[in-house]
Peer 1: 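The structure under discussion is supplied below as structure tokens; questions concerning it will follow.
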Amino acid sequence: VADREFVFGHPDVQKLITEKFVPLAMDDWYLRRQKDENGRFFMAMTAASPRGDAGDNTRQGRYVFTAAGKFLGFNNNRSPERILAMLRQSLAAYDKLPERDRKPEGEIGEVKLEARFDRTPPKNGAIVKVFTRVLEKDAEGGLRTCAAPAPGEGSFQQRGFGAAIDHLWLREEDLKNLLPAKEAKPGTAVPFPSVLSLRLARFHLCDNSRGEPPHWTRDEIKRAEFFLTPESAGRAKVTGSVHLETKDGKRGFTGTMDGWLEYKNGKLTEWKSVVTGEHWGEANTTAGARPGKSPIGFAFVLCPNPAPADTVPPQGSRWLQGYYEAERD
Amino acid sequence: MSDRTRGIDGTALTRRQSAMIRKAPLFFLLLTGLGLPAAAAPAPQKTADLLEVIAPAKSEQVWLQIPWETDLATARRKAVAQNKPVFLWEMDGHPLGCT
């Protein structure tokens, strides 16, 4: 999260990348495992970088390379100045390259991705942005963003006070099972399909504000109840409550959901809801949580016209079947 | 003796019992808070307000002004068409999501 602000929020870095490069962001977890054309291209390019042959280990970092696969530069540092220096050196190297090193001989066609690593958003489904933010209470008991630490105490984002981002994927069949029928009686609450309640709770009510969190196991779901109550044609109120907790009680979350959905002809046209409550504890990958129980909020907002950045798969979908069929462990 | 100094069964009440009965409504009002000016109970925060609190502000999304691609082949094709190198931001966990 810190990179987003310190590196890619830096105006000089932004300008140079946008004007002189084709910017690409990818998940190393997938790419280094893929045995398809993308995976082979990436492994060959990174083998020529300071990462060398990293075997099964991470290759994360910032790379510059040509469409033909020629490696030009690498950096894995958070200093904008060092990134800028690497970008400028890479551009100078690019300018000196012969055409054959810049472009591959043939056309670059569509790549058939290795099926188990293909994370194409569900056809005729929906993408819902999920934002997470740790919060604090104001004098009246309302929730607000945490105050930024004083100068010299670190940054807003470094403390995990920024908004984390994930994506909830709903398939066509999920929408069919979720959205109220035309004849649904206004005012009558209908529970979410169990598999959707569990998908929401297990994979999208996790404290990812300080890093990649562990997702909740099936046994850690003490309660996950969500309801849709049709209010008028094409609009329903969404409510719910959850209690998620590890067996030892050291990490958990209790909260309630409020918001609404709008839909037309079987399509979701709006989803705006929040889940607020108290969380506690941390995992190895999310160290630095505030002590004791403290407020946290999750916001769900439909993304009707996704840009490439909105098509990033849910963090919980590395085992895709387990994500969609959340009743499984 | 007026009715106010007799119990519901008609028996006479002591002065102390009578005083307690006279003060009972006041005691009840004080106990329930109804006799006091209504305290301003905090209104529940509206969902729309909470959405604004939780979702990233524009100032937190400056990094998204960079037109990120998320598909390697698409980025390579663009690099050929625009005669530019590719800049790749690669992380364990997608840089544009997951945290």
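Every chain is numbered from 1, with letters handed out A, B, ... down the list of sequences.
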Peer 1: Please report the C-alpha distance between B/Val53 and A/Leu135 in whole Å, then the side-chain angles of each, then the deciding distance to 0.1 Å, and finally whether the side chain to side chain contact (heavy atoms under 4.5 Å, CB included) criterion is met.
Peer 2: CA-CA 9 Å; B/Val53 169; A/Leu135 303 168; 3.6 Å; yes
Peer 1: Does the Lys NZ or Arg CZ of B/Arg76 fall within the cation-pi geometry relative to A/Phe41 - under 6.0 Å from the ring centre and within 45° of the axis?
Peer 2: yes
Peer 1: I would like to know whether A/Asp258 and B/Thr47 meet side chain to side chain donor-acceptor pair (under 3.5 Å); could you show each step before the answer?
Peer 2: CA-CA 7 Å; A/Asp258 278 296; B/Thr47 301; 5.4 Å; no
Peer 1: Do other residues, nucleotides or ligands put more than 12 heavy atoms under 6.0 Å from B/Glu52 CD?
Peer 2: no
Peer 1: If you count heavy-atom pairs within less than 4.5 Å of chain A, which of B/Gln65, B/Lys46, B/Lys78, B/Glu69 leads?
Peer 2: B/Glu69
Peer 1: I'd like to know if the side chain of B/Lys84 and the backbone of A/Glu19 have a donor-acceptor N/O pair within less than 3.5 Å.
Peer 2: yes
Peer 1: Could you tell me whether A/Glu110 and B/Arg77 make a salt bridge, using a distance below 4.0 angstrom between a side-chain N and a carboxylate O?
Peer 2: yes
Peer 1: Is it the case that the side chains of B/Asn83 and A/Tyr94 hold a donor-acceptor pair, with the cut-off being a distance below 3.5 Å and no angle test?
Peer 2: yes
Peer 1: Counting only N and O atoms by type, is there a donor-acceptor contact under 3.5 Å from the side chain of A/Asp27 to the main-chain atoms of B/Gly93?
Peer 2: yes
Peer 1: Does this structure show an ion pair linking A/Arg133 with B/Glu60, if we count only N-O contacts that are shorter than 4.0 Å?
Peer 2: yes
Peer 1: For the NE2 atom of B/His94 and the OG1 atom of A/Thr311, what is their distance to the nearest 0.5 Å?
Peer 2: 7.0 Å
Peer 1: Are the side chain of B/Gln45 and the backbone of A/Leu143 linked by a donor-acceptor contact shorter than 3.5 Å?
Peer 2: yes
Peer 1: Would you call the rings of B/Trp89 and A/Phe8 parallel, tilted or perpendicular, where under 30° means parallel and over 60° means perpendicular?
Peer 2: tilted
Peer 1: Walk me through it: do B/Glu90 and A/Phe42 pass the test side chain to side chain contact (heavy atoms under 4.5 Å, CB included)?
Peer 2: CA-CA 11 Å; B/Glu90 173 91 356; A/Phe42 175 70; 3.3 Å; yes
Peer 1: For the candidates A/Gly73, A/Gly109, A/Pro213, A/Ala307, which exhibits the highest count of non-hydrogen atom pairs separated by less than 4.5 Å from chain B?
Peer 2: A/Gly109
